[in-house]
Amino acid sequence: MTAHLSDSRLTNHIAQGCGQILKGVRAGGLLRGQHLGEAGDELAQNWIARVLKEHRPDDGFLSEEAADNLDRLNKDRVWIVDPLDGTKEFATGRQDWAVHIALVINGEVAHAAVGLPDLGQTFKSSEARAVTGPLAKRFVVSHNRPPQVAGHIAEQMGYDNVGIGSAGAKSMHVLLGDFDGYIHAGGQYEWDQAAPVGVAQAAGLHCSRLDGSPPRFNNEDTYMPDLLICRPEIKDEVLAHAAQFLSDNGKY
């Protein structure tokens, strides 16, 4: 483990560097569509893997873009990354894609960074602060598959639901105060949630499953069924409406 670069700084540098690589891949319009997305995924993954091999060779690693090595289950420290969260958004010129970098220690996110490169921002657990003040009265949800439970919660609370892309983009817009919460059901994976949860928790937001239990990472099964990230003052009401929806429908 390199002594001159802390875990926090390494996390942040990887997120920022990965964002620069991805913007470079897209520069000039030389690749489009599926070829652009595949190039972005491949080059960003390769760079991150090489950086971690150089700086943290003994740590475990889990990425959407790499075969899962279950040796990570025997390690206390595991990097969980999504080099390009929102490949479709990236490949079609949208801004709502993100870079997710998280270091998980004993199942909990210790350091995290979420980059929104097209907005020129990297949100870091080391310095994250959530916006306070008046509620926005809006939730952010998947624009491809908005969950029914989110519609129920919004209706009960008099909120609007707005759909955008990447899980990282959704989560960071809650941190910025554009939305009061991010409600997801229908399944994700650890690399979708680890970095956004790490940054959001550090910023003072509530993060949990829809049943209120805390998310845990570096599991053998990397599937994560649902997620709630929201302002702490509304969490009890949101979770109560989620519980009622589950009772009435048998699933989220």
Just so I know, are the side chains of Glu64 and Asp41 near enough to count as touching, which here means a heavy-atom distance under 4.5 Å?
no
Quick one: CG on Leu116 to CZ on Phe123, what's the gap to the nearest 0.5 Å?
5.0 Å
Under 3.5 Å side-chain donor-acceptor pair for Asp248 and Gln244:
yes
Which distance, rounded to the nearest 0.5 Å, do you find between the NE2 of His173 and the CZ of Arg138?
10.0 Å
Locate the shortest heavy-atom distance separating Ala66 from Phe61; write the atom from each residue and the value.
CB-CE2, 4.3 Å
Can you check whether Pro146's main-chain N or O pairs, donor with acceptor, with His143's side chain at less than 3.5 Å?
no
Residues in side-chain contact (heavy atoms from CB on, under 4.5 Å) contact with Ser166, at least two apart in sequence or another chain:
Asp85, Ala98, His100, Ala169
Do Leu239 and His206 have side-chain heavy atoms sitting under 4.5 Å apart?
yes
Short side-chain to backbone donor-acceptor contact, Asp76 and Ile105, under 3.5 Å
no
Out of Asp160, Leu228, Val162, Ile183, which residue meets the side chain to side chain contact (heavy atoms under 4.5 Å, CB included) rule with Phe139?
Ile183
Kindly assign one of parallel, tilted or perpendicular to the pair Tyr189 and Trp191, based on the angle between their ring planes and the thresholds 30° and 60°.
parallel
Might you point out which heavy atoms bring Leu73 and Asn219 nearest each other, and give the distance in Å?
CD2-C, 3.8 Å
Those residues at least two apart in sequence (or on a different chain) that pass salt bridge (Lys or Arg N to Asp or Glu O under 4.0 Å) with Asp68 are Arg72
Check: Lys170 side chain, Ile164 main-chain N or O, donor-acceptor pair, under 3.5 Å:
yes
Do any N or O atoms from the side chain of Asn161 and from the backbone of Ala150 form a donor-acceptor pair under 3.5 angstrom?
yes
Testing Ser171, Cys207, Ser208 for side chain to side chain contact (heavy atoms under 4.5 Å, CB included) with Val197, which one passes?
Cys207
Looking at every non-hydrogen atom in both residues, tell me the closest pair between Ala136 and Gly177 and how far apart they are.
CB-O, 3.8 Å
Could you list all the salt bridge (Lys or Arg N to Asp or Glu O under 4.0 Å) pairs where at least one residue sits in residues 200-215, not counting sequence neighbours?
Arg209-Asp226
Give a yes or no answer on whether the side chain of Arg231 reaches the backbone of Phe179 with a donor-acceptor pair at less than 3.5 Å.
no
Is there side-chain contact between Ile14 and Leu52, with at least one heavy-atom pair below 4.5 Å?
yes
Could you tell me if the side chain of Phe217 sits less than 4.5 Å from the side chain of Met224, heavy atoms only?
yes
What heavy-atom pair brings Gln95 and Asp118 nearest, and what distance separates the two atoms?
CA-OD2, 3.7 Å
Determine whether Arg56 and Asp7 satisfy the following criterion, salt bridge (charged side-chain N to carboxylate O under 4.0 Å, His left out), listing intermediate values before the conclusion.
CA-CA 9 Å; Arg56 299 293 189 270; Asp7 288 334; 3.0 Å; yes
Using a 4.5 Å cut-off on heavy atoms from C-beta on, say whether the side chain of Ser63 contacts that of Trp79.
no
Side chains of Leu103 and Leu10 in contact at under 4.5 Å (non-hydrogen atoms):
no
In terms of relative ring orientation, are His241 and His152 parallel, tilted or perpendicular, with 30° and 60° separating the classes?
perpendicular
Does Glu65 use its side chain to pair, donor to acceptor, with the backbone of Glu42 at less than 3.5 Å?
no
Decide yes or no for Gln201 and Glu108: does some side-chain heavy atom of the first lie under 4.5 Å from some side-chain heavy atom of the second?
no
Euclidean distance, Gln16 CD relative to Thr11 OG1, rounded to 0.5 Å:
11.0 Å
If you compare all heavy atoms of Thr87 against all heavy atoms of Leu84, which two are closest, and at what distance to 0.1 Å?
OG1-O, 3.5 Å
Which distance, rounded to the nearest 0.5 Å, do you find between the NZ of Lys75 and the CG of Asp71?
6.5 Å
Crowding at CD, Glu233 (>12 non-hydrogen neighbours, <6.0 Å)
yes
Taking atom CD as the centre, does Gln34 end up with more than 12 heavy-atom neighbours from other residues, nucleotides or ligands that are less than 6.0 angstrom away?
no
Tightest non-hydrogen contact, residues Ala185 and Leu210, listed as CB-CD1, 4.1 Å
Student check: side-chain heavy atoms of Asn12 and Ser126 closer than 4.5 Å:
yes
